[in-house]
Amino acid sequence: MSRRLRTILSMVALATLNACGGGPSGPPPDNLDNACAIVAQKPHYLRAFRATERRWGVPVPVQMATIYQESKFDGEARTPFRWTLGIIPMGRQSSAYGYSQALDGTWDEYVKDGNRAARRNDIRDATDFMGWYMAQSNQRLGIPMHDARNHYLAYHEGRTGYSRGSYNAKPWLLRVSGEVGQRAIVYDQQLRACGRR
């Protein structure tokens, strides 16, 4: 078989795999409100969460609650387009992409820190990125690893914004961070009930 034909067939196979939800991220789990259902449907998620917990100390429920808020477990998630005159697309609202909704600049820092092959739509890389980021927030800002609410505020605002208290001028963000904190508690209770914690 010629090299060109192999390349074409590989591209067709990859396109078919991605179209069927079998690419790096695949479709999100069906029941996002039940941590046990999530990890039962996607056991590789739990392996990724546990690896990040071992490496960085970020509890599984904190990771899960953050990913829920950022992407609803959609590895291909992107921010919406900005529109001019209601009909002309002017690019996306930000460069956030993937499970963790990492911005280009922050992801580039993570990649330069030794994770050169990392992809934002790979659950293992996305959770490792979150662990890397939250471990730094723990060291620099003193946020306890189990504190999903404050980790989310630092994640959303950046560590400098968090230390300045920029979130205090954003009532919607305070509400959302409270929801992240509550979801982490619920996910923890669910995982304990089904023996996954």
Side-chain angles (χ1 to χ4, degrees), residues 18 21 23-29 32-33 35 38-39 42 44-46 48-49 51-53 55-56 58-83 89-113 115-138 140-141 143 145 147-163 166-167 170-184 186-187:
N18 284 331
S25 61
L32 300 181
D33 291 323
I38 291 169
V39 300
K42 305 273 189 171
H44 63 288
Y45 281 15
L46 185 58
F49 298 140
T52 294
E53 184 174 44
R55 182 174 185 193
W56 301 107
V58 180
V60 169
V62 172
Q63 297 172 58
M64 292 182 74
T66 303
I67 288 177
Y68 172 90
Q69 185 57 45
E70 289 297 285
S71 67
K72 303 295 187 278
F73 294 88
D74 179 359
E76 304 299 327
R78 295 181 185 274
T79 57
F81 280 104
R82 291 176 293 149
W83 298 88
M90 298 299 293
R92 298 204 179 265
Q93 293 175 0
S94 79
S95 63
Y97 171 66
Y99 290 106
S100 63
Q101 287 295 283
L103 298 171
D104 287 351
T106 314
W107 187 262
D108 290 345
E109 284 179 45
Y110 168 72
V111 168
K112 287 176 188 169
D113 205 20
N115 302 288
R116 302 228 182 269
R119 296 178 323 213
R120 289 184 270 188
N121 65 347
D122 183 305
I123 191 68
R124 289 173 302 169
D125 295 333
T127 58
D128 191 69
F129 165 81
M130 286 178 19
W132 169 84
Y133 191 90
M134 291 178 180
Q136 290 183 23
S137 296
N138 170 261
R140 297 179 190 177
L141 303 171
I143 300 172
M145 288 303 206
D147 186 348
R149 178 187 178 275
N150 281 299
H151 270 296
Y152 186 75
L153 289 171
Y155 193 79
H156 188 277
E157 295 294 280
R159 285 184 284 274
T160 302
Y162 179 87
S163 62
S166 61
Y167 52 86
K170 300 175 182 177
W172 65 268
L173 180 56
L174 292 171
R175 176 186 52 77
V176 168
S177 65
E179 291 170 1
V180 171
Q182 186 58 40
R183 182 169 293 275
V186 170
Y187 277 167

If you define the side chain from C-beta out and look only at heavy atoms, does anything of [X] sit under 4.5 Å from [Y]?
X	Y	value
Tyr187	Val60	no
His151	Thr66	no
Leu46	Met64	no
Thr52	Gln63	yes
Val58	Asn138	no
Leu174	Arg149	yes
Asn150	Tyr162	yes

Between [atom1] on residue [X] and [atom2] on residue [Y], distance to nearest 0.5 Å:
X	Y	atom1	atom2	answer
Tyr99	Asp125	OH	CG	11.0 Å
His44	Arg124	NE2	CZ	8.5 Å
Trp56	Phe129	CH2	CZ	11.0 Å
Asp147	Leu141	CG	CG	11.5 Å
Gln101	Trp107	CD	CH2	11.5 Å
Thr127	Glu53	OG1	CD	11.0 Å

Arg55 side chain to Asp128 backbone, donor-acceptor under 3.5 Å: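 Looks like no, no N/O pair under 3.5 Å.
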
Ring centre gap for Tyr133 and Tyr110 strictly below 6.0 Å: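 No, they do not, as the ring centres are separated by 6.0 Å or more.
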
Measure across [X] and [Y] and return the closest heavy-atom pair with its distance rounded to 0.1 Å.
X	Y	answer
Asp113	Trp132	OD2-NE1, 2.7 Å
Leu103	Ala96	CD2-N, 3.6 Å
Ser71	Gly98	CB-O, 3.5 Å

Side chain to side chain contact (heavy atoms under 4.5 Å, CB included) between Glu157 and Lys170, worked out: CA-CA 10 Å; Glu157 295 294 280; Lys170 300 175 182 177; 2.9 Å; yes

Residue Arg159 excluded, over 12 heavy atoms near CZ under 6.0 Å: yes

Ionic contact status for Arg183 with Glu179, cut-off 4.0 Å: no

Audit row: Asp74, Lys72, salt bridge (Lys or Arg N to Asp or Glu O under 4.0 Å) steps and yes/no: CA-CA 5 Å; Asp74 179 359; Lys72 303 295 187 278; over 6 Å; no

Side chain to side chain contact (heavy atoms under 4.5 Å, CB included) assessment of Thr160 paired with Arg140: CA-CA 10 Å; Thr160 302; Arg140 297 179 190 177; over 6 Å; no

Aromatic plane relationship, Tyr45 with Phe73 - under 30° parallel, 30 to 60° tilted, over 60° perpendicular: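 Parallel: the ring planes of Phe73 and Tyr45 meet at under 30°.
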
Derivation of the side chain to side chain contact (heavy atoms under 4.5 Å, CB included) call for Ile123 and Lys42: CA-CA 10 Å; Ile123 191 68; Lys42 305 273 189 171; over 6 Å; no

Derivation of the side chain to side chain contact (heavy atoms under 4.5 Å, CB included) call for Val176 and Gln69: CA-CA 8 Å; Val176 168; Gln69 185 57 45; 3.4 Å; yes

